[in-house]
Amino acid sequence: MKKTAVAPANIAFIKYWGKKDEKLRLPENSSISMNLDRCFTTTTVEFDKKYSQDSFDIIGEKVTDQELTRVKKHLNRIRKKANISLYTRVVSKNSFPKSSGMAASASGFAALTLAASKAAGLNFLEKELTILARLGSGSACRSIPDGFVEWKEGNTSTESYAYSLYPRNYWNLQDILVVVSGKAKSVGSTQGQKRAKQSIFYKERVIEVQKLIPLIKQALAARNFPIFGEIVEKDCLYMHSVMMTSDPALFYWLPKTIEIIRNVYRWREEGIPVYFTIDAGPNVHLICESKDEGKVMKEVKKMTDLQDIIINKPAKGAHLISKHLF
Ligand code: DP6
């Protein structure tokens, strides 16, 4: 059977950086995110006896051996659950550059999990889908539910799942993604997280993040943007402090990244309510309420040498579509 799914990337407001169980991808801490409507992956999966091996293509991009191996491993998980031995053809398309800290592994594994499980004849509940997606890439579990999502850390695989805290229309937040570089990062999130444990701040970050979670949930519940934004920035800097003090050090920022951070501080002083967050890459997510998008964009447009600007609204989670890629 052939199935196609679309899944959004997501931006974490409370980030996942470090696993307490690598094989099961159990995170050290719960995380909270928002799905992004303009950054998504579309994936078509077909299981059929005409295929003599699994194939995986990303339209317009090169697939590395490592990526192919990771996708095959995920397909094996699904074949096992469906009790089938058929091979597949998988074709994906990203609306944005992969491996640049823009969570292509999140949208990629969320879309693959939904399309492949449906194509294999499985009908999982959302919670089960998030658990399965998590095994492919941790952050992918947050791309399955709608809108604003929490991934519960859990101590076992069944306890570590994601669910929607609020639907996408709950709060008109915008994520203005300023692309500083679309080049693939040299150290991916999985490798980077392994290194994080050497940071002297690793354990301290987890302790502090556990304190931020109830606070950000309160800010979300009250739609209190300044408090929300302060927590988002704090959490981002905690993660990057761990990255920078890993061994070897992981420094994802470029000069432009720092220029944008400093601009955000200045824009706030000038009265524009905008905050930043950055994932495992140099690109900066500017978080604001939609009423302030015009003001933020006016400032962003004054900057030079930016590769791209993608304005995201909160999005629904992974879903099936009828138009296949092949
Ligand atoms: C910085 O989910 O890509 O984006 O589970 O090893 O695939 P793996 O890691 P991944 O890590 C995401 C890291 C992050 C923060 C976040 O999205 O929470």
Side-chain angles (χ1 to χ4, degrees), residues 8-15 17 31-39 96 100-103 142 147-149 165-166 168-182 208-209 212-213 215-241 243 252-315:
N10 64 76
I11 181 64
F13 298 133
I14 296 292
K15 301 196 188 286
W17 195 252
S31 52
I32 292 177
S33 62
M34 179 180 98
N35 289 331
L36 305 176
D37 74 332
R38 299 276 313 281
C39 298
F96 59 103
S100 49
M102 296 202 291
R142 297 189 311 239
F148 298 83
V149 177
L165 281 168
Y166 297 103
R168 61 191 173 282
N169 58 4
Y170 172 71
W171 197 0
N172 282 337
L173 289 187
Q174 308 267 301
D175 175 344
I176 302 176
L177 171 54
V178 183
V179 183
V180 163
S181 166
E208 291 308 310
V209 166
L212 292 183
I213 291 170
L215 299 179
I216 202 164
K217 281 188 173 173
Q218 276 171 26
L220 259 170
R223 294 192 192 88
N224 185 329
F225 188 64
I227 293 187
F228 178 80
E230 294 288 343
I231 299 171
V232 168
E233 271 186 13
K234 207 177 247 186
D235 175 77
C236 161
L237 294 176
Y238 286 171
M239 180 182 75
H240 282 272
S241 306
M243 289 166 164
Y252 282 116
W253 298 355
L254 291 172
K256 240 335 157 215
T257 314
I258 298 171
E259 189 184 321
I260 300 170
I261 292 174
R262 298 189 79 94
N263 280 342
V264 169
Y265 291 150
R266 182 168 54 81
W267 296 336
R268 274 216 300 278
E269 270 170 33
E270 292 168 2
I272 306 173
V274 56
Y275 294 83
F276 66 81
T277 186
I278 305 159
D279 276 345
N283 305 311
V284 184
H285 297 253
L286 300 175
I287 311 296
C288 66
E289 289 182 285
S290 61
K291 66 178 174 54
D292 297 313
E293 183 201 311
K295 284 185 225 158
V296 177
M297 279 307 292
K298 198 172 153 215
E299 295 302 323
V300 171
K301 281 188 180 147
K302 288 183 196 161
M303 295 191 66
T304 53
D305 297 327
L306 303 177
Q307 286 219 348
D308 201 1
I309 300 165
I310 307 171
I311 304 177
N312 291 285
K313 292 182 172 49

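Heads up: numbering here begins at 1 and tracks the sequence.
Taking CD1 of Ile11 as the start and CZ of Arg142 as the end, the distance is 8.5 Å to the nearest 0.5 Å. Going from atom CG of Asp235 over to atom CD of Glu230 covers 13.0 Å, rounded to the nearest 0.5 Å. From Ile216, atom CD1 reaches atom CD1 of Ile14 across 4.0 Å, with rounding to the nearest 0.5 Å. Here the CZ atom belonging to Arg266 is positioned 8.5 Å from the CD1 atom belonging to Ile272, to the nearest 0.5 angstrom. Distance check: Trp267 CH2 to Lys298 NZ gives 12.5 Å after rounding to the nearest 0.5 Å. Distance check, rounded to the nearest 0.5 Å: CD1 of Ile231 to SG of Cys236 gives 14.0 Å.
Lys291 is not listed as a side-chain neighbour of Asn172, based on a closest heavy-atom distance of 4.5 Å or more. Residues Glu289 and Trp171 form a side-chain contact, since some pair of their non-hydrogen atoms from C-beta on lies under 4.5 Å apart. Put simply, the side chain of Val179 does not reach to within 4.5 Å of the side chain of Leu306, judged on heavy atoms. Using a 4.5 Å cut-off on side-chain heavy atoms (C-beta onward), Val300 and Asn263 make no contact. In this structure the side chain of Val209 never reaches within 4.5 angstrom of the side chain of Trp17, judged on heavy atoms. The shortest distance between side-chain heavy atoms of Tyr238 and Leu212 falls below 4.5 Å. Using a 4.5 Å cut-off on side-chain heavy atoms (C-beta onward), Ile278 and Asn283 make no contact. Side-chain contact between Phe225 and Val274 is absent, with no heavy atoms from C-beta onward closer than 4.5 Å.
Listed for the Ser290 side chain is no donor-acceptor partner under 3.5 Å among the backbone atoms of Leu173. A donor-acceptor pair is defined here as one N or O able to donate and one able to accept, closer than 3.5 Å; such a pair exists between the side chain of Arg223 and the backbone of Tyr170. A side-chain donor-acceptor contact under 3.5 Å links Lys15 to the backbone of Ala12. For Asn10 (side chain) and Ser33 (main-chain N/O), no donor-acceptor pair under 3.5 Å exists by modelled atom type.
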**Prompt:** Does the side chain to side chain contact (heavy atoms under 4.5 Å, CB included) test come out yes or no for Ile176 and Ile309, once each step is laid out?
**Reply:** CA-CA 7 Å; Ile176 302 176; Ile309 300 165; 3.7 Å; yes
| task | Any chance you could lay out the side chain to side chain contact (heavy atoms under 4.5 Å, CB included) test for Asp305 and Val180, step after step, and finish with the verdict? | result | CA-CA 8 Å; Asp305 297 327; Val180 163; over 6 Å; no
What verdict does the side chain to side chain contact (heavy atoms under 4.5 Å, CB included) test give for Asn312 and Ile310, after you've listed the backbone C-alpha separation in whole Å, the side-chain angles of each residue and the deciding distance to 0.1 Å? CA-CA 6 Å; Asn312 291 285; Ile310 307 171; 3.9 Å; yes
Legend entry - Steps toward side chain to side chain contact (heavy atoms under 4.5 Å, CB included) verdict (Cys288, Gln174): CA-CA 5 Å; Cys288 66; Gln174 308 267 301; 4.0 Å; yes
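Here the closest non-hydrogen pair linking Pro226 and Asn224 is CD-OD1, 3.2 Å. Taking each heavy atom of Val296 and Leu286 in turn, the nearest pair found is CG1-CD1, 4.1 Å. Ile311 approaches Glu293 most closely through the heavy-atom pair CD1-OE2, 3.6 Å. Pro314 and Phe148 make their closest contact through CG-CZ, 3.9 Å (heavy atoms, listed as atom of the first residue, atom of the second, distance). Listed here is the closest heavy atom pair of Phe276 and Val284: CB-CG1, 3.8 Å. For the pair His285 and Leu36, the tightest heavy-atom approach, listed with the atom from each and the gap, is CE1-CD1, 4.3 Å.
Shown here is Ile227, whose CD1 atom has no more than 12 heavy atoms of other residues, nucleotides or ligands within 6.0 Å. Annotation: Lys234, atom NZ; neighbour count of heavy atoms from other residues, nucleotides and ligands within 6.0 Å does not exceed 12.
Between His240 and Trp253, the ring-plane angle classifies as tilted under the 30° and 60° cut-offs.
A donor-acceptor contact closer than 3.5 angstrom is absent between the side chains of Lys256 and Ser181.
A search for salt bridge (Lys or Arg N to Asp or Glu O under 4.0 Å) contacts involving Lys302 returns Glu299, not counting sequence neighbours. Legend: residues meeting salt bridge (Lys or Arg N to Asp or Glu O under 4.0 Å) with Arg38, ordered by chain and number and at least two apart, are absent.
The aromatic ring centres of Phe228 and Tyr275 sit 6.0 Å or more apart.
Checked for salt-bridge contact, Glu233 and Arg268 meet the test: a charged N lies under 4.0 Å from a carboxylate O.
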